[in-house]
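Take a look at the structure below.
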Amino acid sequence: MRLSKFFLPLLKENPVEAQIVSHRLMLRAGLIKQEASGLYSWLPLGLRVLDKVETIVSEELEKAGCVRLLMPTLQSTDLWKESGRYDALGKEMLRFNDRHERELLYSPTCEEMIVNIFRTFVKSYKQLPLNLFQIQWKFRDEIRPRFGVMRGREFYMKDGYSFHSSLEDATREYANMYDAYHAIFKRLGLTSIAVAADSGAIGGNLSHEFQVLAENGESQVYYDPAFDDIRDGKLNVTSEQMRELYAAADELHDPAKCPVPADKLRTARGIEVGHIFLLGTKYTDAMNVDVTDADGKPLRVQMGTYGIGVSRLLGAIIEASHDEGGIIWPENVAPYQVGLINMRANDEECTKAAEEIYSKLHLAGVETLYDDTDDSAGKKFAGMDLIGLPWQLVVGPRGVKSGVVELKNRKTGEKVEVSFAEAIERVSATTPKKLAA
Ligand code: P5A
């Protein structure tokens, strides 16, 4: 993409309304624009990252055996009256009437709708287990939207729902999702800790929040120091061993029952990027959902539900990966892999070299943002640092004469002078490959 043709409104000044670094950087780097409290437009650069996060979440879930579908953002309130949750979400749930005076709501979550889809089509235990998910906009009229996309009113959520013929099988799937979530967050460049949590208005008897530790997190978490060693690569544990380690959200932490001695216990702030729930029969009881068992008798269906804050993840990734200059995108979610800077757009030799490198990067399948504008070098460098692409490739008049360009790694700051061919080779070597189907 040529910057001269792109739409990248960067802000020079720190926006006053942004209290935390990720919100500030998302506004300054032209990723989002606030439209009203808790409502954001996704500008082209932000949308590219959102798409990449969505793709990774979707690929990993399909790998773990889940099947994707899509439900509408609006639904009738009838099903919520049936489930008994019509009043449970109170003012967080946005309700309104259509032209026929039928009451609708903007989905804050979709347990009722998916259960209704399930009972329409699935009649036999032989069709189980089934794990369906969507990635769709949700609306919750949060009392205090803040920190940009971190706590929005409209936000993008991955919501998954699984159906089982026994509680034992639902518990197995809960563990499967627990592992899939760790894999997802790892691929996004994040380390997550799963903490025992309260299941709130969603319900069920067992739930875990996936927390990414960050100073600006809204949650307080308590955990075994072993998690720090796992994060730092000093300790390797199996998924079963990890699930045995103590980790609890604020509301469930009980010092009297905590097996980790007080002087060893770690506490930190965290961003809740995911939340899984073992539901049991809460919704299938309320909505009367059975399948037939092997003897043709009715069998009550067991469920689990699994959420990921897809839009919130962008805030979490930036909180975990930035410096004074701006964002540092992990390769897997970077909107482009390389920023190609033509230092002298009015110099014929320079432009010829930059154009040639641009087309070779394109042929090599490397997503490139090519700054072909006639802005000053200083502005170009600051802009590239701010938007945080993994690599910067600088084409200047001096280097072009001797056939070299400067390759800068955004994360380490390391700069090397290399031939055109080597620069292209190095950048394409780190370009994320698509997951094999
Ligand atoms: C699980 C999927 C649920 O809604 N039902 C369907 C269950 N869980 S949850 O914990 O309430 O939400 C899932 C994840 O969504 C993100 N999230 C938010 N992101 C941005 N702004 C918000 N206001 C917001 N509310 C929830 C969180 O990451 C949460 O874990």
Side-chain angles (χ1 to χ4, degrees), residues 20 22-23 26 32 34 37-40 42 50 53-54 57 61 66 68-69 71 73 75 80 83 85 88-89 91-94 106-115 117 131-163 173-174 177-178 180-181 184-185 188 190 192-204 206-212 214 217-219 221 249 251 270-279 282-283 303-317 319:
I20 61 170
S22 57
H23 188 195
M26 286 189 80
I32 53 169
Q34 183 173 325
S37 170
L39 301 181
Y40 293 88
W42 289 81
L50 191 67
V53 173
E54 171 174 354
V57 169
L61 288 174
C66 309
R68 188 166 173 180
L69 49 57
M71 295 177 269
T73 52
Q75 47 176 309
W80 288 64
S83 74
R85 278 210 301 182
L89 277 89
K91 289 195 158 173
E92 265 192 29
M93 191 155 90
L94 179 65
Y106 192 130
S107 307
T109 176
C110 290
E111 282 77 7
E112 285 77 1
M113 207 190 308
I114 199 91
V115 166
I117 292 175
N131 189 334
L132 300 171
F133 76 101
Q134 68 168 347
I135 302 178
Q136 174 66 296
W137 295 94
K138 302 288 182 299
F139 190 91
R140 292 182 186 175
D141 207 349
E142 298 275 353
I143 191 157
R144 218 156 29 112
R146 58 178 188 162
F147 300 162
V149 299
M150 207 81 98
R151 182 166 296 279
R153 291 199 295 167
E154 189 186 41
F155 60 97
Y156 208 33
M157 190 206 284
K158 185 289 286 188
D159 42 324
Y161 309 86
S162 69
F163 301 89
E173 185 63 7
Y174 186 87
M177 286 298 103
Y178 182 102
Y181 274 36
I184 289 170
F185 299 129
L188 294 171
L190 295 169
S192 57
I193 296 183
V195 305
D198 183 24
S199 58
I202 305 293
L206 177 64
S207 96
H208 281 88
E209 289 170 358
F210 285 73
Q211 297 278 350
V212 171
E218 289 188 293
S219 325
V221 296
E251 70 275 5
I271 300 168
E272 182 202 319
V273 289
H275 199 160
I276 62 176
F277 306 76
L278 185 64
L279 292 173
K282 171 173 170 168
Y283 295 90
M303 285 181 68
T305 179
Y306 321 94
I308 292 182
V310 176
S311 47
R312 175 179 285 183
L313 271 166
L314 274 80
I317 293 168
E319 287 294 331

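Just follow the structure's listing: the first ligand is 1, and inside any ligand the first atom is 1.
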For this session: Below 4.0 Å from any atom of ligand 1, which residues have a heavy atom? Give them in chain and number order, please.
Result: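 Shell around ligand 1 (4.0 Å, heavy atoms): Thr109, Glu111, Arg140, Glu142, Val149, Met150, Arg151, Gly152, Phe155, Met157, Asp159, Tyr161, Ile202, Glu272, Val273, Gly274, His275, Phe277, Thr305, Tyr306, Gly307, Gly309, Arg312.
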Exercise. Less than 4.0 Å between a side-chain N and a carboxylate O, is that true for Arg151 and Glu142?
Worked result: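 Judged by the 4.0 Å cut-off on N to carboxylate O distance, Glu142 and Arg151 do form a salt bridge.
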Exercise. Distance-only, no hydrogens or angles: does the Ser22 side chain make a donor-acceptor pair with backbone N or O of Glu319 under 3.5 Å?
Worked result: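 No; judged by distance alone, with no hydrogens or angles, the pair does not exist.
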Exercise. Does Gln136 use its side chain to pair, donor to acceptor, with the backbone of Met157 at less than 3.5 Å?
Worked result: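 Not at all, since once roles are kept as given, no pair shorter than 3.5 Å links the two residues.
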Exercise. Will you find, in the side chains of Arg140 and Tyr106, an N or O donor that is under 3.5 Å from an N or O acceptor?
Worked result: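 Result is no, nothing qualifies.
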For this session: Begin from the C-alpha positions of Tyr181 and His208 and carry the test side chain to side chain donor-acceptor pair (under 3.5 Å) through to its verdict.
Result: CA-CA 11 Å; Tyr181 274 36; His208 281 88; over 6 Å; no
Exercise. Would you say the ring centroid of Tyr174 lies under 6.0 angstrom from that of Phe277?
Worked result: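 Centroid separation for Tyr174 and Phe277: 6.0 Å or greater.
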